[in-house]
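Written below as structure tokens is the structure these notes are about.
Residue indices begin at 1 and follow the sequence shown. Note: hydrogens, waters and symmetry copies are ignored here, and every other heavy atom, side chains too, is used.
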Amino acid sequence: MEEFHILCDIQKLLVSIKNEDDIEDVKTFIYINGSFLTKTNTPSLLMLIASVVYANPHLFDAMVKLLSDKPFSNFITNEMSIPSGNAFASMPYFIIYQLLKCSNNPNRICFLNYWPYRRNMNPMDSIHSQIIDLTNPYIKAIYDDDVQKLQQLIFFSNFDENQQMSIFKVEYIDSLYNNSILIEFAALFGSLQCFKYLFLNSKNVDYEDLLKYSIAGGNYDIIHITEDQIQDDEYKSKQIYLYLAIYYMRNELIEYLIDNYEVKIDTECYIRCLYSSNYDAFLKLIEIDEDDYNIFGVDQKGMKPIEIASLYGYYYFVKLMVNMSNRMMQDCLYYATIGKNLDIVKIIIENNLGNPNYIIRNNHTPFDMARGEIFHYF
């Protein structure tokens with residue numbers, strides 16, 4: 001599917017941004033690939049950008065510059081239908097809001113309507129240039145990998161290196177950015193010099209837990225230093241490392257973890273791709289997955305990736321999976337209707353994979369649950 005591969009290529013360009021020329025390369029790629037900024041495409045692109053920033057906070061300012069460009073700002077309107085909020089994917093709405101606020105987009109406020117914790121936010125918050133809190137001098141030193149500054153701060157204070165802190169600007173989001181210690185932040189930011197210093201000076205470190213941060217940070221040197229501290233029989237569970245690599249877009253680690261950690265691709269891997277808008281990992285998993293069942297398997301709650309994508313509005317993931325299967329998708333139609341995702345409803349109906357009058361849940365049909373545009377479409 002062409003659009004899915006375009007988003008995959010955009011993702012690769014975004015995560016590799018290092019300078020102004022790279023930002024222009026992203027813009028050029030989007031323009032070359034036709035009218036990509038549409039009512040359907042723009043929400044998916046925004047979710048992708050937010051996920052890239054979450055995994056790579058240093059790219060925040062670059063994304064603000066990207067979204068400040070006129071064609072982008074013109075298509076970001078309060079009439080867009082964006083994926084609905086869920087426990088795992090609540091993060092993008094806050095990040096999109098902050099990005100649009102810094103790019104002075106007047107329609108940024110509409111994104112708070114989709115964000116589960118909007119009541120706890122002040123829409124008039126002053127503009128800041130990061131999603132993480134860099135007012136903490138210790139975190140700022142680690143973020144910049146300024147080991148001399150970090151040494152000075154620790155030397156001239158009684159700071160406990162094992163003191164937990166939260167640096168995400170929203171305390172309600174559960175992530176590695178919250179309730180962590182300095183060496184874990186150094187691993188998460190890939191700050192090798194600070195990591196080495198803290199590695200030599202920190203006590204009572206849980207190295208199995210630290211490896212989670214190391215994989216999320218994606219620095220091979222930090223990963224290997226941490227790995228060397230763990231005996232193979234000490235691992236409680238290795239599967240989480242594969243999930244983290246996917247969620248934090250460390251896609252270059254996927255095959256390394258599969259080959260060296262004896263972990264397997266499962267249904268949850270595909271679901272993590274949805275929540276992180278990781279198009280590249282999704283294609284990679286399909287390519288190397290030896291069990292075709294996984295992509296259409298169920299999670300612990302009995303839901304398939306395509307059903308989750310239908311409910312929460314991951315349009316292009318649904319479109320790709322529809323093209324991979326000719327099975328009836330009555331449950332997907334039901335979930336897409338509940339999620340008010342008209343574009344996904346249309347995919348299912350137009351491919352003759354669902355019937356609005358088919359009874360699905362509690363003697364209800366998709367038509368019974370339809371409201372607004374979907375009701376009129378049915």
Side-chain angles (χ1 to χ4, degrees), residues 11-12 15 51-57 87-89 91 142 164 167-168 173-192 194-196 198-199 202 204-291 294-295 297-300 305 308:
Q11 177 184 343
K12 293 176 181 177
V15 297
S51 294
V52 168
V53 170
Y54 181 78
N56 305 273
F88 290 95
M91 160 274 299
I142 292 174
Q164 288 188 337
I167 60 170
F168 209 104
I173 293 179
D174 183 21
S175 73
L176 298 182
Y177 292 108
N178 291 344
N179 301 316
S180 305
I181 60 177
L182 291 185
I183 193 171
E184 292 170 342
F185 285 127
L188 184 57
F189 295 146
S191 300
L192 181 59
C194 287
F195 179 86
K196 288 180 177 179
L198 292 166
F199 178 78
S202 298
N204 303 318
V205 176
D206 183 335
Y207 290 105
E208 188 177 0
D209 205 42
L210 181 61
L211 187 55
K212 297 176 184 177
Y213 294 81
S214 304
I215 289 172
N219 184 295
Y220 271 98
D221 290 328
I222 292 176
I223 290 171
H224 294 324
I225 291 172
T226 307
E227 286 174 329
D228 289 341
Q229 304 305 308
I230 311 171
Q231 298 296 322
D232 193 61
D233 59 358
E234 293 177 347
Y235 288 100
K236 300 181 184 71
S237 173
K238 295 181 180 180
Q239 193 69 20
I240 185 63
Y241 301 128
L242 181 56
Y243 299 156
L244 286 169
I246 294 170
Y247 198 67
Y248 283 83
M249 294 190 176
R250 308 306 175 198
N251 299 338
E252 70 282 0
L253 292 174
I254 290 176
E255 293 188 68
Y256 169 80
L257 292 170
I258 292 173
D259 293 339
N260 294 278
Y261 278 65
E262 299 178 353
V263 295
K264 296 181 179 180
I265 298 171
D266 59 13
T267 300
E268 182 65 25
C269 290
Y270 291 101
I271 293 172
R272 294 287 175 132
C273 290
L274 304 180
Y275 291 144
S276 59
S277 295
N278 197 336
Y279 297 88
D280 182 33
F282 202 83
L283 293 179
K284 184 186 291 287
L285 292 175
I286 292 173
E287 180 182 350
I288 63 178
D289 192 357
E290 297 178 354
D291 189 346
N294 289 321
I295 192 170
V298 297
D299 66 2
Q300 293 180 345
I308 293 173

> Quick one: does T226's side chain get under 4.5 Å of F195's, heavy atoms only?
Replying inline: yes
>> Nearest 0.5 Å, please: how far is NZ in K212 from CD1 in I240?
In response: 6.0 Å
> Considering residues, nucleotides and ligands other than E262, do more than 12 of their heavy atoms fall under 6.0 Å from its CD?
Replying inline: no
>> What I want to check is whether the side chains of Y243 and D266 have a donor and an acceptor closer together than 3.5 Å.
In response: yes
> Quick one: CD1 on I246 to CD1 on I215, what's the gap to the nearest 0.5 Å?
Replying inline: 11.5 Å
> Who pairs with N260 by side chain to side chain contact (heavy atoms under 4.5 Å, CB included), at least two apart in sequence or on another chain?
Replying inline: Y256
>> Measuring from atom CG of L242 to atom SG of C269, what distance do you get when rounded to the nearest 0.5 angstrom?
In response: 4.0 Å
>> Could you walk me through whether H224 and S214 satisfy the side chain to side chain contact (heavy atoms under 4.5 Å, CB included) test, starting with their C-alpha distance in whole Å, then the side-chain angles of each, then the deciding distance to 0.1 Å, before giving a yes or no?
In response: CA-CA 9 Å; H224 294 324; S214 304; over 6 Å; no
> With a 4.5 Å limit on heavy-atom distance, are the side chains of P305 and I308 in contact?
Replying inline: no
> Which is it for R272 and N278 under the side chain to side chain contact (heavy atoms under 4.5 Å, CB included) test, yes or no, and what are the steps along the way?
Replying inline: CA-CA 8 Å; R272 294 287 175 132; N278 197 336; over 6 Å; no
>> Rounded at 0.5 Å granularity, tell me how far CG in L253 sits from CD1 in I223.
In response: 4.5 Å
> Can you tell me if E268 uses its side chain to pair, donor with acceptor, with the backbone of D299 under 3.5 Å?
Replying inline: no
>> Once rounded to the nearest 0.5 Å, what's the spacing between atom CD1 of I181 and atom OH of Y213?
In response: 8.0 Å
> Between F189 and F185, what is the ring plane arrangement, given parallel below 30°, perpendicular above 60°, and tilted in between?
Replying inline: parallel
>> Please evaluate residues N294 and L285 with respect to the criterion side chain to side chain contact (heavy atoms under 4.5 Å, CB included), reporting the C-alpha separation (whole Å), side-chain torsions for both, the decisive distance (0.1 Å), and the verdict.
In response: CA-CA 10 Å; N294 289 321; L285 292 175; over 6 Å; no
